[in-house]
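In what follows, chains are A, B, ... by sequence order, proteins preceding strands, each numbered from 1.
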Number of protein chains: 2
Amino acid sequence: MKLTTRGRYAVTAMLDLAIHGDDRPVSLADISGRQEISLSYLEQLFAKLRRGALVTSVRGPGGGYRLARARPQIFVAEIIDAVDESVDATNCSGKGNCHHGEVCLTHHLWQDLSEQIHGFLSQISLAELVDRRDVQSAVSQQSARGSRSLQNLIAQQL
Amino acid sequence: MKLTTRGRYAVTAMLDLAIHGDDRPVSLADISGRQEISLSYLEQLFAKLRRGALVTSVRGPGGGYRLARARPQIFVAEIIDAVDESVDATNCSGKGNCHHGEVCLTHHLWQDLSEQIHGFLSQISLAELVDRRDVQSAVSQQSARGSRSLQNLIAQQL
DNA sequence: TAATACCCGACTAAATTACTTGGTTTTATA
DNA sequence: TATAAAACCAAGTAATTTAGTCGGGTATTA
């Protein structure tokens with residue numbers, strides 16, 4: 001388990017999807033505009049998220065992405081795993097090339113530690129993140145802007 | 001809070017110090033040999049660990065590093081913080097340049113999340129790591145090697 | 001006085017990250 | 001049926017980070 005900015009991008013994008021994807025699919029262009037992540041980079045992330053069965057896609061105009069499952073069933077650890085494609089962590093993969101046996105010692109420990117972090121992040125769902133108070137207030141701000149959002153989007157495209 | 005290989009190196013090295021540093025200070029050359037981390041890289045890490053008041057140094061022959069505190073008082077989060085020098089995480093540091101207010105939304109969330117991870121790692125001490133069963137068995141292996149360790153070290157130097 | 005080992009800064013190769021470019025399909029809709 | 005919106009795809013690239021090297025120091029002690 002690594003914890004990089006790429007993972008943050010992915011969680012951010014999935015959270016955007018969780019907030020805005022109630023009825024219709026959400027286009028990457030929308031997420032790109034809101035979260036200021038480059039479109040092509042999002043495409044690469046979502047290719048991985050799709051392979052990880054976390055989102056489904058709808059092609060053609062009006063298309064976009066949907067969460068593959070309900071928000072309480074998608075967990076932060078899954079998102080990070082999907083985009084980070086597991087590092088094997090140890091250079092002594094399996095057995096054999098550990099020089100003393102001591103090398104493996106801390107390797108196992110670190111592995112154990114990252115498993116604990118993984119377990120921790122496996123308990124936090126998108127639903128929980130969305131339900132936090134600070135999100136709620138920000139979302140109400142956003143829906144206040146809702147009426148003029150389309151206009152703004154068009155204006156921003158030019 | 002990031003979770004990179006550099007953090008792993010630091011935790012590994014500190015754990016090595018916790019295991020081998022009971023009586024005399026431990027030289028970086030020893031840690032380098034046992035954990036297979038380059039000496040100069042270790043020097044850079046320990047410079048940061050020293051600045052972070054996690055270790056103290058003893059110069060001259062027979063010198064090395066000691067833990068600055070007892071093992072139950074040194075926590076994994078501190079080690080990672082010391083070597084990773086906090087990323088400011090958000091590009092909208094403070095207020096102002098967030099375009100919609102929505103940008104900050106997920107930024108705050110991610111920050112919140114990494115604080116939770118930080119809190120989690122703040123509860124795991126070096127003592128706890130050392131006391132785990134898999135470490136214990138590995139340590140007994142190591143002390144079985146203890147009688148010939150000096151010979152081996154000299155042989156390895158050549 | 002010489003060996004040990006910390007200390008320090010600059011430089012470098014390799015890897016990773018974030019992004020760009022330039023396409024191709026698919027599909028709603030005008 | 002033409003068009004445009006969108007997902008999809010692959011290759012390349014600039015910037016950053018990581019891990020390591022190199023070449024000097026300086027303090028301590030056998």
Side-chain angles (χ1 to χ4, degrees), chain A residues 2-13 17 21 24-33 35-52 54-66 68 80 83-89 91 150 153-154 157, chain B residues 2-13 17 20-21 24-33 35-52 54-66 68 80 83-89 91 150 153-154 157-158:
Chain A
K2 277 199 305 184
L3 217 54
T4 66
T5 50
R6 181 158 79 237
R8 192 178 83 205
Y9 277 122
V11 172
T12 298
L17 198 52
R24 55 213 144 61
V26 179
S27 76
L28 294 188
D30 283 1
I31 299 178
S32 173
Q35 308 302 335
E36 298 189 316
I37 306 169
S38 102
L39 181 60
S40 297
Y41 194 46
L42 274 178
E43 284 180 350
Q44 289 170 38
L45 293 180
F46 273 80
K48 291 181 179 183
L49 293 172
R50 200 166 63 91
R51 272 179 239 129
L54 293 172
V55 296
T56 57
S57 65
V58 179
R59 299 182 74 158
Y65 286 92
R66 274 184 226 273
I80 293 173
V83 299
D84 265 347
E85 53 222 10
S86 61
V87 251
D88 49 349
N91 41 8
L150 197 61
L153 276 177
I154 294 165
Q157 294 279 350
Chain B
K2 278 200 303 183
L3 216 56
T4 66
T5 49
R6 181 158 79 237
R8 192 177 83 203
Y9 276 121
V11 173
T12 299
L17 197 51
H20 296 93
R24 58 214 142 62
V26 178
S27 74
L28 293 188
D30 285 359
I31 299 178
S32 174
Q35 307 302 335
E36 300 189 316
I37 305 170
S38 103
L39 181 60
S40 299
Y41 194 45
L42 274 179
E43 284 180 348
Q44 290 171 39
L45 293 180
F46 272 79
K48 292 181 177 184
L49 292 171
R50 200 168 61 92
R51 273 179 236 130
L54 293 172
V55 295
T56 57
S57 64
V58 180
R59 300 181 75 158
Y65 287 93
R66 272 186 228 271
I80 294 173
V83 298
D84 265 346
E85 52 221 13
S86 61
V87 250
D88 47 349
N91 40 9
L150 195 60
L153 277 176
I154 293 164
Q157 295 277 351
L158 304 179

Completion exercise
B:Ser32 meets the side chain to side chain donor-acceptor pair (under 3.5 Å) criterion, sequence neighbours left out, with none
Problem - Donor-acceptor pair present, A:Arg59 side chain and C:dT25 base, under 3.5 Å - result: yes
Completion exercise
For B:Arg51, the side chain to side chain contact (heavy atoms under 4.5 Å, CB included) test, sequence neighbours excluded, returns B:Ala47, B:Lys48
Exercise for the section: Sequence neighbours left out, what passes side chain to side chain contact (heavy atoms under 4.5 Å, CB included) with A:Glu43? Give chain and number order. Expected result: A:Leu28, A:Leu39, A:Ser40
Fill in the blank from the handout: By nearest-nucleotide position on DNA chain C, the 5'-leaning member of A:Tyr9 and B:Val26 is B:Val26
Fill in the blank from the handout: Residues at least two apart in sequence or cross-chain that pass side chain to side chain contact (heavy atoms under 4.5 Å, CB included) with A:Arg24, listed by chain then number, are none
Completion exercise
Students should find that the end-to-end axis angle of the helix from C:dT1-D:dA30 to C:dA30-D:dT1, with five pairs defining each axis and rounding to 10 degrees, is 10°
Handout entry: Proximity to DNA chain C (any heavy atom under 4.0 Å), residues of residues 41-48 of chain B only
Key = B:Glu43, B:Gln44
Problem - Which residues share a side chain to side chain contact (heavy atoms under 4.5 Å, CB included) with A:Val58, sequence neighbours left out - result: A:Pro25, A:Arg66
Problem - C:dA18 phosphate, OP1 or OP2, under 4.0 Å from A:Ser40 side-chain N/O - result: no
Handout entry: Length of the CG-P vector between A:Leu28 and C:dT20, whole Å
Key = 15 Å
Practice task
Give the rounded distance in Å between these two atoms: OH of B:Tyr65 and P of C:dT4.
Solution key: 18 Å
Problem - Closest-nucleotide 5' rank along DNA chain C - winner of B:Ser27 and A:Thr4 - result: B:Ser27
